Amino acid sequence: MKDIDAIAVLGDPVRRRLYEYVAAQGREVGRNEAAEATGVARTLAAHHLDKLTEAGLLESGSRRLTGRSGPGAGRPAKVYARARAERSVSLPGRDYRTAAELLAEAAEQAGLDDLLNEAARRRGEALRGAEAPCGDLAEAMRMLAARGYEPHLERGDGPEGAEGAEGVDRAEGAEEVTEGETAVVRMRNCPFHAVSERFPPLVCGMNLALLEGLLGTDGPVRARMDARPGECCVVVEPSGNVVEPSKNNGD
């Protein structure tokens, strides 16, 4: 299916809600869960989930959702996850990916990593504008979500963090982090994924520098490299810096 036809499948609002829910979880989702989360009947959810799979936007499989095996464990249920394939449409046609890969290849061969990182940090600072460095993890999640990183909060040692604290639009979960609690913001999506696959050290370093400029390096949060398969190579965490309140607030 052509990219434009696959994207057109999301024109149905119920189908789009289901896709967005599954994509935001970062794991396999069953029909019952998807139906309950989006407020539709299970049969309707199953129909739309299968249509999304046919379009190549989701991938499907089957597993026992009970976590048990053997006799009495129940039949495997159909589950869905976001497809790994990237879809894009440009009218008129453009090919920015090829240009980016050529520039990355030239920069890598010429040893321009430092210059690229400096440019990325300046771009991040320009995107932040006159605003102070990012104030906390909740603010960082909102900024990252706005740029397509799909952030989710991870608390403690668990791979998925605390219940209810994960997800693209759950920045309020970060507001509940208490002092001394271990928490980091990870990102399910890398906006530069296609190029980073071919030039990982170059592009991941650029990404880190960009986020350092965007979030600031002397505020309460910091960006650092911590690669994990299937996710962005950068995480955001409390920096430990104590930031004095502004004296220009009229108090």
Side-chain angles (χ1 to χ4, degrees), residues 1-89 137-138 141-142 144-156 158-177 183 185-191 193 228-232:
M1 181 178 289
K2 293 182 178 179
D3 284 3
I4 191 169
D5 295 323
I7 293 172
V9 170
L10 296 173
D12 183 287
V14 173
R15 200 170 291 166
R16 185 165 63 253
R17 290 205 311 272
L18 285 162
Y19 173 79
E20 289 172 348
Y21 178 78
V22 173
Q25 304 316 301
R27 55 175 172 79
E28 294 177 329
V29 174
R31 288 172 168 175
N32 287 340
E33 177 187 346
E36 182 177 350
T38 55
V40 301
R42 183 185 183 280
T43 52
L44 182 60
H47 167 75
H48 285 303
L49 289 167
D50 286 341
K51 288 294 184 182
L52 289 165
T53 303
E54 291 173 11
L57 297 174
L58 296 181
E59 296 175 350
S60 65
S62 61
R63 65 178 175 87
R64 288 187 173 90
L65 299 179
T66 61
R68 303 193 303 270
S69 60
R75 296 172 57 187
K78 198 164 186 179
V79 292
Y80 303 84
R82 179 168 57 182
R84 288 164 287 185
E86 183 176 319
R87 302 284 189 172
S88 63
V89 174
L137 292 181
M141 288 183 71
R142 287 188 285 267
L144 294 167
R147 303 206 62 81
Y149 282 93
E150 300 183 7
H152 64 105
L153 187 69
E154 183 174 295
R155 284 166 141 165
E160 290 298 336
E163 181 180 355
E166 61 184 78
V168 175
D169 56 355
R170 297 302 303 274
E172 64 270 22
E175 295 172 349
E176 300 169 1
V177 175
V185 173
R186 292 189 176 273
M187 295 160 264
R188 294 194 176 98
N189 184 52
C190 172
H193 175 72
R228 176 187 285 181
E231 293 191 331
C232 178

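Note that the structure is a prediction, hence the values are computed from the model and not measured.
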Quiz prompt | Residues R84, H193; criterion side chain to side chain contact (heavy atoms under 4.5 Å, CB included); working and verdict | solution = CA-CA 11 Å; R84 288 164 287 185; H193 175 72; over 6 Å; no
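We find the CG-CZ distance between D12 and R17 to be 9.0 Å, quoted to the nearest 0.5 Å. Taken from CZ in R188 to CZ in R228, the straight-line distance is 10.0 Å, to the nearest 0.5 Å.
Residue I4 places its CD1 atom among 12 or fewer non-hydrogen atoms of other residues, nucleotides or ligands, all under 6.0 Å distant. Other residues, nucleotides and ligands place no more than 12 heavy atoms under 6.0 Å from the CD atom of E36.
Nearest heavy atoms, L49 versus L18: CD2-CB, 4.3 Å. Minimum heavy-atom separation, L153 to A183: CD1-CB, 4.2 Å. The two residues L57 and Y19 come nearest to each other via the heavy atoms O-CE1, 3.5 Å. Closest approach of Y21 and E33 over heavy atoms only: OH-OE2, 2.6 Å. S60 and T53 get closest at one heavy-atom pair: OG-CG2, 3.6 Å. Across all non-hydrogen atoms, the minimal contact from A35 to A45 is CB-CB, 3.7 Å.
In this structure a side-chain-to-backbone donor-acceptor pair under 3.5 Å is missing from N189 to E150. Of the possible polar contacts, none joining the D3 side chain to the R87 backbone as a donor-acceptor pair under 3.5 Å is found.
Under the side-chain hydrogen bond (donor to acceptor under 3.5 Å, both in side chains) rule, H152 has a single partner from E231, R186, Q25, which is E231.
Under the 4.5 Å side-chain criterion, counting only non-hydrogen atoms from C-beta, V40 is not in contact with H48. A 4.5 Å side-chain heavy-atom check between V14 and T38 finds every atom pair outside the cut-off. Within the 4.5 Å cutoff, the side chain of H47 has heavy atoms near those of the R15 side chain.
For R31, the salt bridge (Lys or Arg N to Asp or Glu O under 4.0 Å) partners two or more places apart in sequence, or in a different chain, are D50.
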